[in-house]
Amino acid sequence: MSSNQVRASHILIKHQDSRRKASWRDPEGRVIKATTKESAVTQIKAIRDDIISGQSKFSDVASQISDCSSAKRGGDLGPFGRGQMQKPFEEATYALKVGEISDIVETDSGVHIIMRTG
């Protein structure tokens, strides 16, 4: 990983306004198309609360719930630099300290929480 790169894991919840309305959990997008953005935000807030309180482990929740294919790696996206992710995602990740978890981040993909790991 170069000095201008960060590493992060995330949990993504897609909704009916997401750019791609399908995921490994929902290949035909039935649940995603029926999920409002408000509902996705409510879900991700509850997930974040469980992780912050210590009830759940970030990587465990990511592997079960995240609508991103990174779920199979516990949400790990690996190292990335500026310009490789959607702007709100990039800005939130670079603003975090290692080990910190973001507030809810909205992108064209859906709603996320991000944990900076490097």
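Along the sequence shown, residues carry numbers from 1. Note that the structure is predicted; figures quoted are calculated from it, not measured.
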Legend entry - Sub-4.5 Å side-chain heavy-atom contact between I101 and I114: no
Inset, instruction - Decide if atom CZ of R30 counts as having more than 12 heavy atoms of other residues, nucleotides or ligands within a radius under 6.0 Å. - result: no
Inset, instruction - Consider only side-chain heavy atoms of I, L, V, M, F, W and Y, link residues closer than 4.5 Å, and tell whether I52 and I44 are in one cluster. - result: yes
Legend entry - Min side-chain heavy-atom separation D67-W24 under 4.5 Å: no
Inset, instruction - Tell me, with the steps shown, if I11 and V61 meet side-chain contact (heavy atoms from CB on, under 4.5 Å). - result: CA-CA 8 Å; I11 298 168; V61 178; 3.9 Å; yes
Inset, instruction - Please examine the side chains of R25 and Q64, heavy atoms only from C-beta on, and report whether any two atoms are closer than 4.5 Å. - result: no
Inset, instruction - Take T107 and H112, measure what side chain to side chain donor-acceptor pair (under 3.5 Å) needs, and give me the verdict at the end. - result: CA-CA 8 Å; T107 69; H112 315 250; 2.7 Å; yes
Legend entry - Interatomic spacing from CD1 in I47 to CD in Q55 - rounded to 0.5 Å: 12.5 Å
Inset, instruction - Might you point out which heavy atoms bring F58 and I113 nearest each other, and give the distance in Å? - result: CZ-O, 3.8 Å
Inset, instruction - Could you tell me whether the side chain of S39 and the main chain of T35 form a donor-acceptor pair under 3.5 Å? - result: no
Inset, instruction - Check whether any side-chain heavy atom of L77 lies under 4.5 Å from a side-chain heavy atom of H10, and answer yes or no. - result: yes
Legend entry - Stepwise salt bridge (Lys or Arg N to Asp or Glu O under 4.0 Å) test for R7 and D76: CA-CA 8 Å; R7 185 172 187 148; D76 183 21; 2.5 Å; yes
Legend entry - Side chain proximity check, K14 to R20, heavy atoms < 4.5 angstrom: yes
Inset, instruction - Identify the heavy atoms of R116 and K97 that sit nearest to each other, and give their distance. - result: CB-O, 3.7 Å
Inset, instruction - Supply the atom-to-atom distance M85 CE to E91 CD, rounded to the nearest 0.5 angstrom. - result: 14.0 Å
Legend entry - I32 to D26 - nearest heavy-atom pair and separation: N-OD2, 2.8 Å
Legend entry - Connected via hydrophobic side-chain network under 4.5 Å: M115 and I65: yes
Legend entry - A71 to A62 - nearest heavy-atom pair and separation: CB-O, 3.3 Å
Legend entry - R48/D103 under salt bridge (Lys or Arg N to Asp or Glu O under 4.0 Å): CA gap, chis, key distance, verdict: CA-CA 8 Å; R48 185 182 187 279; D103 283 325; 3.5 Å; yes
Inset, instruction - Determine, step by step, whether K33 and E28 satisfy the salt bridge (Lys or Arg N to Asp or Glu O under 4.0 Å) criterion, reporting the C-alpha distance in whole Å, the side-chain angles of both residues, the deciding distance to 0.1 Å, and the verdict. - result: CA-CA 9 Å; K33 289 174 190 155; E28 297 184 8; over 6 Å; no
Legend entry - Close side-chain approach of F89 to Y94, heavy-atom, < 4.5 Å: no
Inset, instruction - Grab the two heavy atoms, one from Q86 and one from S109, that are nearest each other, plus how far apart they are. - result: NE2-OG, 2.8 Å
Inset, instruction - Say whether L12 and F80 are linked into one hydrophobic cluster, either directly or through other cluster members, by side-chain heavy-atom distances under 4.5 angstrom. - result: no
Inset, instruction - Flag the pair S63 / K72 as yes when at least one side-chain heavy-atom distance between them is below 4.5 Å, and no otherwise. - result: no
Inset, instruction - Could you pull out the closest heavy-atom pair between A8 and T117, with the gap in Å? - result: N-OG1, 3.6 Å
Legend entry - Rounded distance (nearest 0.5 Å) linking atom CZ of R82 with atom OG1 of T93: 9.5 Å
Legend entry - Validation row: V111, V105 side chains within 4.5 angstrom (heavy atoms): no
Legend entry - Derivation of the side-chain contact (heavy atoms from CB on, under 4.5 Å) call for Q84 and E90: CA-CA 8 Å; Q84 289 184 267; E90 173 189 301; over 6 Å; no
Inset, instruction - Say whether T36 and Q16, considering side chains only, have a donor N or O and an acceptor N or O under 3.5 Å apart. - result: no
